[in-house]
Amino acid sequence: MNIQTKTIIKSGLISGIVYAGLMAGFDYSDGQDFRIWRFIFNALFFGIFMGFMTQYNLKKQAEKEK
């Protein structure tokens with residue numbers, strides 16, 4: 001794997017897990033139980049979205065440098 005692919009995967013994983021953790025924290029503060037399927041859905045959905053955004057930003061930066 002090249003550097004760009006590793007960066008996209010890392011940013012997607014980290015941002016997805018952080019987002020899902022924050023949403024689980026908000027649910028817990030509202031008195032709801034921890035729901036693993038909602039956590040996984042939030043992590044995957046937001047992680048994939050942020051991965052695409054990272055790919056777009058890296059592509060624009062590469063074009064700007066040329």
Side-chain angles (χ1 to χ4, degrees):
M1 275 194 280
N2 60 14
I3 300 292
Q4 183 178 5
T5 305
K6 289 180 182 178
T7 304
I8 292 168
I9 291 171
K10 283 181 186 177
S11 84
L13 282 174
I14 291 171
S15 60
I17 291 171
V18 168
Y19 176 77
L22 288 172
M23 292 298 104
F26 285 130
D27 288 345
Y28 182 74
S29 69
D30 287 340
Q32 297 177 1
D33 292 334
F34 179 75
R35 295 177 283 184
I36 188 71
W37 294 113
R38 183 170 175 163
F39 181 86
I40 291 171
F41 174 76
N42 283 336
L44 285 176
F45 179 73
F46 194 74
I48 290 169
F49 175 73
M50 290 307 293
F52 284 134
M53 291 303 297
T54 302
Q55 180 184 13
Y56 175 78
N57 286 334
L58 290 174
K59 183 179 175 183
K60 287 296 181 182
Q61 285 178 357
E63 290 176 1
K64 188 176 181 181
E65 290 176 359
K66 289 183 180 181

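In this chain, residues are counted from 1 in sequence order. Values in this document were obtained by computation on a predicted structure and should not be read as measured data.
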Calculate, to the nearest 0.5 Å, the distance between atoms NZ and CD1 belonging to K6 and I9 respectively. 9.5 Å
Hey, what do you get for CG (L44) to CD1 (I17), rounding to the nearest 0.5 Å? 9.5 Å
Backbone of M1 reached by a side-chain donor or acceptor of T5 within 3.5 Å: no
With heavy-atom distances below 4.5 Å as the criterion, would you say the side chains of F34 and D27 are in contact? no
Does D30 have more than 12 heavy atoms from other residues, nucleotides or ligands lying within 6.0 Å of its CG? yes
Considering only distance and modelled atom types, tabulate donor-acceptor pairs under 3.5 Å from the side chains of residues 45-66, sequence neighbours left out.
| from | atom 1 | to | atom 2 | distance (Å) |
| --- | --- | --- | --- | --- |
| T54 | OG1 | S11 | OG | 2.7 |
| T54 | OG1 | M50 | O | 2.8 |
| N57 | ND2 | M53 | O | 3.3 |

